[in-house]
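As the structure lists them, so they are numbered: ligands from 1, and atoms in each ligand from 1.
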Amino acid sequence: MTPKVGVLALQGDFREHLAVLTGLGADAVPVRRARELDQVQGLVIPGGESTVMDKLSRAFGLREPLQERIVDGMPVYGTCAGLIMLSDRVLDALPDQRTLGGLDVTVRRNAFGNQLDSFETDLDVAVLGAPPVHAAFIRAPIVEEVGPAASVVAALGDGRVVAVQQGNLLGTSFHPEITGETRFHEHFLRLL
Ligand code: GLN
């Protein structure tokens, strides 16, 4: 059976995620309304701007339905701003910014500062095996603290954590959807 998966399409690079998921054989659909969320078995929250995604999810009446599905155990994969949305705690957030939560981690927004705002690097990711993941970081967050319920999936050479998983929730600081890397999406689809 082809799994029906949603990509939160309020803002950000949702089209790239839809293309990767469709390429992997999933029935991938954009989600902007609660009734669309009801019809999917899993969800990707794309990169973009977490403050805007937060505001729009409230304006579209999606915040509570999203939180309910996360608590119910729906598989969710967040990239960059999507990881921020899934995090229980955020540093350098706007004063009124809220997240959906679910991942027992603390992330810091825009953690790489101006000089290294955006960069690409190769990451060894044990759960995905060889070859290394070519990862693009774009004004990316860092996972500064990993609580006992979450586990580290990938870290930079200096030990800074950039991918985490907790049950059916997966988050990466970087954007596999723009570098031709499909293994994180495959890993997510296996959770369905
Ligand atoms: N800096 C953005 C934020 O705080 C995330 C950037 C991205 O998703 N590429 O939401």
Side-chain angles (χ1 to χ4, degrees), residues 5-21 28 30-32 42-60 62-63 66-67 70 75-123 125 133-146 150 153-156 160-166 169-185 187-188:
V5 293
V7 180
L8 190 64
L10 299 173
Q11 190 268 338
D13 75 334
F14 56 89
R15 290 175 197 84
E16 286 79 356
H17 282 285
L18 288 168
V20 173
L21 292 165
V31 168
R32 296 188 182 86
L43 186 75
V44 170
I45 305 181
E49 178 48 58
S50 58
T51 55
V52 178
M53 248 181 251
D54 167 38
K55 287 204 180 87
L56 291 176
S57 66
R58 293 191 238 173
F60 280 66
L62 269 172
R63 179 178 166 79
L66 282 166
Q67 287 185 307
I70 290 169
V76 186
Y77 173 29
T79 62
C80 204
L83 163 63
I84 296 170
M85 292 300 290
L86 285 177
S87 298
D88 284 346
R89 298 167 294 277
V90 186
L91 302 172
D92 293 338
L94 288 188
D96 63 342
Q97 180 175 1
R98 285 188 283 169
T99 68
L100 301 168
L103 285 172
D104 179 17
V105 299
T106 306
V107 292
R108 183 179 297 280
R109 292 179 62 226
N110 303 327
F112 292 97
N114 290 329
Q115 278 163 311
L116 287 175
D117 245 359
S118 301
F119 64 99
E120 296 181 24
T121 190
D122 288 326
L123 293 172
V125 183
V133 167
H134 189 67
F137 292 80
I138 304 168
R139 299 203 313 116
I142 276 286
V143 182
E144 290 217 347
E145 180 232 338
V146 180
V153 168
L156 295 170
R160 286 182 292 176
V161 175
V162 291
V164 290
Q165 184 165 357
Q166 180 175 337
L169 303 179
L170 175 68
T172 60
S173 299
F174 48 89
H175 292 268
E177 74 280 7
I178 63 170
T179 54
E181 173 61 62
T182 61
R183 288 173 292 166
F184 275 100
H185 292 79
H187 182 61
F188 159 69

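For the pair S50 (side chain) and I84 (backbone), a donor-acceptor distance under 3.5 Å is absent. D104 places no side-chain N or O within donor-acceptor distance of the main-chain N or O of A150, the cut-off being under 3.5 Å. Side-chain atoms of R108 do not come within 3.5 Å of backbone N or O of I142 as any donor-acceptor pair. Judged by distance alone, with hydrogens and angles left aside, the side-chain atoms of Q165 form no donor-acceptor pair with the main-chain N or O of L170 at under 3.5 Å.
At least one heavy atom of H175 sits under 4.0 Å from some atom of ligand 1.
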Exercise for the section: Apply the test side chain to side chain contact (heavy atoms under 4.5 Å, CB included) to residues L103 and V143: give CA-CA distance (whole Å), side-chain angles for both, the deciding distance (0.1 Å), then the verdict. Expected result: CA-CA 11 Å; L103 285 172; V143 182; over 6 Å; no

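Checking only distances, A81 does come within under 3.5 Å of ligand 1, N or O to N or O. Taking only nitrogen or oxygen atoms, main chain and side chain alike, T79 does not reach within less than 3.5 Å of ligand 1. The N/O atoms of I138, backbone and side chain alike, include one that comes under 3.5 Å of an N/O atom in ligand 1.
Near S50, meaning under 4.0 Å from any of its heavy atoms, are these atoms of ligand 1: 3 (C), 4 (O), 10 (O). Contact atoms of ligand 1 toward R139: 1 (N), 2 (C), 5 (C), 6 (C) (distance under 4.0 Å to a heavy atom of the residue). Counting the atoms of ligand 1 from 1 in the order shown, those under 4.0 Å from a heavy atom of I84 are 3 (C), 4 (O), 10 (O). Residue contact check: G48 has heavy atoms under 4.0 Å from atoms 2 (C), 5 (C), 6 (C), 7 (C), 8 (O), 10 (O) of ligand 1. Atom numbering of ligand 1 starts at 1 in the shown order; those under 4.0 Å from a heavy atom of C80 are 5 (C), 6 (C), 7 (C), 8 (O), 9 (N). Interface of R109 with ligand 1, defined as ligand atoms under 4.0 Å from a residue heavy atom, comprises 3 (C), 4 (O). Heavy-atom proximity to G47, at under 4.0 Å, picks out these atoms of ligand 1: 8 (O).
Contact of the T99 side chain with the D54 side chain is not registered, since no non-hydrogen atoms from C-beta on lie closer than 4.5 Å.
The aromatic rings of F184 and F174 sit perpendicular, their planes meeting at an angle over 60°, well past the 30° parallel limit. Between F112 and F119, the ring-plane angle classifies as perpendicular under the 30° and 60° cut-offs.
Considering only non-hydrogen protein atoms, atom 1 (N) of ligand 1 sits nearest to N110 OD1, 2.5 Å.
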